[in-house]
Structure formats: structure tokens, C-alpha cells
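Here's the structure, in C-alpha cells; my notes come after.
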Amino acid sequence: MYFGFGSISEFAREHLADVISHTVKRLRVRAVVQGGWSGLSVQGDDILGVDECPHAWLLPRMAAAVHHAGPGATHACLQAGTPALPVPITLDQPFWASRLHALELTPTVIPMRHLDGDNLTHALGRLLADGGIADGLSTSEHTTSNSRTGTPL
């Protein structure tokens, strides 16, 4: 499970760290948390914190990703075929998150201001259990690799 929020620093890091830790424990998964420029740091036996790591290498190895729905993270998840749960914070992120949901590539969108351990655990449980999302991602992988001939996101 991947958690990353890019360079966005406009959120309560301690609250987000608690939510991630809670969710990882409840779902009994292992997680990679990319702190990067956001300064996010999460501790736990099943949590690995990294600063920077290429998405092209990391995301295909993840069962799912929770991210801020910026265009880069959104594209990287689609290209990797990694199911994603968008947690938009600001700027154009709500738009990209809504596109993922409208295309049925994610079961829900949780704006950062509404994020808590219960709704994140529930949404990730749905995301991991939904094989239809994985089928949709295999189609989107083709369209994102050749944006001139594929269906636009």
C-alpha cells in the first residue's frame, strides 16, 4: 500500500500520520509512505518511510495507492495499473479525483478535510476488493501510454 501526498504541505501532518497508522493496522497491510517535500512521517512496524522514490518503479509493486490526486500522481497510478484512492487537498486535485471516480476507477473520493481512520479503512477495503477497478485500470494503462490515440482522462 502506497501513501504519498507530493509537495503539498497544507494539511495536518500529525492527523494524517495517525490516520495512516490506524488504517495500516486495521487492514493488516504493509505500507510505503513517501514523505517527500510534504514532510509526512509515519511510524509503525509495517510502515516504511521514504523521501523520494520513482513512481514508475514503486507503484507497479503496490496493491493500491492513496494520494492527493495531483496530475502526476494520478497519471503514475494509471500508467502503473495501480488502484488508487484519491484524497484531494487543493488546486486541481478535486478535478482529477472526480475524473477517477466518474470513470469508475476508484470507489470513492475522500477530501482531506473529511479524512479519518474509519472512512479511509472502509474505502481502501472496497478498493482492494473490487476487481472491476483493476479491469478498468488495464484499459486505462493503454490509453495513458498513447494520449493521442487513447480516450482522454
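Everything quoted here is computed from the prediction, not taken from an experiment.
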Let me check something: do [X] and [Y] share a hydrophobic cluster, defined by ILVMFWY side-chain heavy atoms less than 4.5 Å apart, either directly or through other members?
X    : Y    : value
I47  : L27  : yes
L128 : M62  : no
L59  : L100 : no
L124 : V87  : yes
V32  : L85  : no

Approximate separation, where rounding is to 0.5 Å, of [X] [atom1] and [Y] [atom2]:
X    : Y    : atom1 : atom2 : answer
H122 : T108 : NE2   : OG1   : 8.0 Å
M1   : T82  : CE    : OG1   : 11.0 Å
F5   : M112 : CZ    : CE    : 4.5 Å
L115 : H15  : CG    : NE2   : 5.5 Å
T74  : Q79  : OG1   : CD    : 12.5 Å
E14  : L40  : CD    : CG    : 11.0 Å

Exercise: identify the closest heavy-atom pair between W96 and A69: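 Heavy atoms only, the tightest pair is CB-O, 3.2 Å.
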Donor-acceptor pair, [X] side chain versus [Y] backbone, under 3.5 Å?
X    : Y    : answer
N119 : I110 : no
D130 : L127 : no
D92  : F95  : no

Centre-to-centre under 6.0 Å for F3 and H67, is that the case here?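 That pair fails the under 6.0 Å test.
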Determine whether L48 and V50 satisfy the following criterion, side chain to side chain contact (heavy atoms under 4.5 Å, CB included), listing intermediate values before the conclusion. CA-CA 7 Å; L48 173 66; V50 297; 4.1 Å; yes
Looking at R61, I'd like to know if its CZ atom is crowded, meaning that more than 12 non-hydrogen atoms belonging to other residues, nucleotides or ligands lie closer than 6.0 Å.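 Atom CZ in R61 is packed in, count exceeds 12.
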Distance alone, cut at 3.5 Å: any donor-acceptor contact between the side chains of R26 and H22?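 Side chains of R26 and H22: pair found under 3.5 Å.
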Could you tell me if Q34 and H55 have a donor-acceptor pair between their side chains, going purely by distance under 3.5 Å?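 H55 vs Q34: donor-acceptor pair found between side chains.
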Name of the residue among V19, I20, V24 meeting side chain to side chain contact (heavy atoms under 4.5 Å, CB included) with V42: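 Considering V19, I20, V24, a side chain to side chain contact (heavy atoms under 4.5 Å, CB included) with V42 is found only for I20.
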Does the side chain of S98 come within less than 4.5 Å of V109's, by heavy atoms?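 They are not in side-chain contact.
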